Amino acid sequence: MGMTNADIAAAFDQMADLLDLRNANPFRVRAYRNASRVVGGLKIDLAALIDADKELPKLPGIGADLEEKIRQLATSGHLPELDRLRKQVPAGLTDLLRVPGLGPRRVRVLSDALGLHSQVALLRAARDGRIRELRGFGPASEERIAAALEAQLSKKPRYKLAVAAQYADALCTYLAKGPGVIEVATAGSLRRARETVGDIDLLATAAEGGDVVRYFAACPDAKRVLASGATRGSIVLKSGLQVDLRVVPEESYGAALLYFTGSKAHNIRLRNLALERNLKLNEYGLFRARGRGREVGAVVAGRTEESVYAALGLPWIAPELREDRGEIEAARNGELPALIERRALRGDLHAHTTWSDGSATIEQMAAGARARGLEYLAISDHSRRRSVANGLDPERLARQCADIARFNARHADITLLTGIECDVLDDGILDLPDSALAPLEVVVAAIHSRFNLPRQKQTARVLAALDNPHVRILAHPVGRLIGLREPYDLDMQAVIRKCKARAVALELSAHPERLALQDLYCRMAKDEGVLVAINSDAHAVHEFDNLVYGVAQARRGWLEAGHVLNTRSLAQVRTWLRERR
DNA sequence: GCCGTTTTCGGCCCGACTGTTTTCAGTCG
């Protein structure tokens, strides 16, 4: 039936939406949302396991009932209960849940009182002034709904990590000069280094919060102020990016940073751990629980993140791991990975020059790499099929190799490796003949055409390319461009197994538009014993700076330095590159 | 719907802000 984990997760999410709208038990709704997240974050392919008649592993938050529903989905592609619910709830109503400020209760009011079942109809009603008459709504709500819909219908994008990081840096500098501000930090998905960021979360410490929030709201780049209170403020920048600020006293810094960094699922796990120890965790600290309700006792921890984790019996957990994908268990068992850091990278195995579509010469790129602490750099320009990129044919490639040899003879502070980013043609044949590839040190295979082949054909094409004995690295394996082009349809499990069999490394492109391998595939590669190469794919000198984002993505994928090819010394990398299987 | 070395029933994370109220529900993160 071809049900992927993502399909199953989507079905559970729809169940949650529909149950929410039908006013079901909120904990039941949460169980479905939780299950959706768990299934969506799995490395193993559930449908494949069921197909092969194997036992499903015990998954947290998935009991007998949800396991049975997973089986139904995997075998039939349908969930009878979901189909039933769909008939009971007007189509389109779940779209209204996506409107900021609207939850299940208010959507139900809109549906019952005005028969509104779509965002377009809702916008019309808001403009006609029909919303303000409803119980629980007013002129301000109507205004906000109209504004949110207009923004949403014209699509509110998520921002690439590298872009959001620039706004965050500027705001941190501004905030640090605020009244009574002691410390400023970024939190949220930005600190967890997710590949895209929906909004920016900032944290500041100060004795008096209200002044800081007012100073924040008056920031020159703010277009609109959404909220402004004694400890929290929220603004929209001129670029459309939303920024939330939280201000806490110094002694709560660690607890607040933890709380504001998330993820939500990670926080809930921590709060449950606290409850088990008769403690209570909130953004102000970890406290002894006293009786029921909101009353709390003496503070146990909170000044630093480390102190809170320690009081819960855990070592500090890196933000990139905080997704409730097993990091709590790993921490408890002392099995947290020693995550790779940027300084562990000793080289870069994919970069371009003016020989194809790069903007800098071989000499300039080498100097830029050296200035950023790299000891070696592979020059891998495009192959001839990329004619728009001035791709290299065998004759030009041979001349470039001679150039590189001359460079290496003259320079001792960095070593260049000869290479190519070679196009994979339609049936998995490479763009250059073996005679041209054989003398090279690094052949990076890449797909730049026919992205919409069906899954089976695309996979066969990639597997065939991997059978070429000269291929050592598979470039940006899913071809996606964040926000521009979806990943092409590929059986990554099969590709990773083939890489293992052929001793080919998978590239994690640090280019901000790509940032692929995605985190889940990094973990898959690690589990299968396939090396990852974190490469810049730099077309200009400053693009070596992107390597830090590649490293961040690798950290989200639980990778240690030992799992990454270009943390090795030049001699070790050359040995590895020469190996054939 | 899940979960359990005190439990197979009765819990389920927790607080801030807003708008619409006249003390609080709904939404959000």
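Protein chains get the first letters and strands the later ones, always in sequence-line order, with residue 1 at the start of each. Quick caveat: nothing in here was measured; it's all calculated off a predicted structure.
For the pair A/Arg33 and A/Phe12, the NZ or CZ position fails the cation-pi test of under 6.0 Å to the six-membered ring centre and within 45 degrees of the ring normal.
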- prompt: For every nucleotide of nucleotides 23-28 of chain B, 5' to 3': is a protein heavy atom under 4.0 Å from its base (B), only from its sugar-phosphate (S), or from neither (-)?
  reply: ---SSS
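The base of B/dG15 is not paired with the side chain of A/Tyr284 by any donor and acceptor separated by under 3.5 Å. Within 3.5 Å, a donor on the side chain of A/Asn25 pairs with an acceptor on the base of B/dG1, or the reverse.
At least one side-chain nitrogen or oxygen of A/Thr231 sits closer than 4.0 Å to the OP1 or OP2 atom of B/dC17. Contact between the side-chain N/O atoms of A/Arg30 and the OP1/OP2 oxygens of B/dC13 is found at a separation under 4.0 Å. For B/dT20, the OP1/OP2 oxygens have a side-chain nitrogen or oxygen of A/Ser141 closer than 4.0 Å. Side-chain nitrogen and oxygen atoms of A/Asn267 include none within less than 4.0 Å of the OP1 or OP2 phosphate oxygen of B/dC13. Applying the 4.0 Å criterion to OP1 and OP2 of B/dC2, one finds that A/Lys58 has every side-chain N and O outside that range.
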Show each protein N/O and nucleotides 5-9 of chain B N/O combination with a separation under 3.5 Å, one pair to a line.
none

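Using Watson-Crick or G-U wobble geometry with both donor-acceptor distances under 3.5 Å, B/dT8 finds no partner in any strand shown.
Among the nucleotides B/dT20, B/dG1, B/dG29, the one closest to any side-chain atom of A/Arg28 is B/dG1. Minimum atom distance to the side chain of A/Ala227 is reached by B/dT18, of the listed B/dT20, B/dT18, B/dC13.
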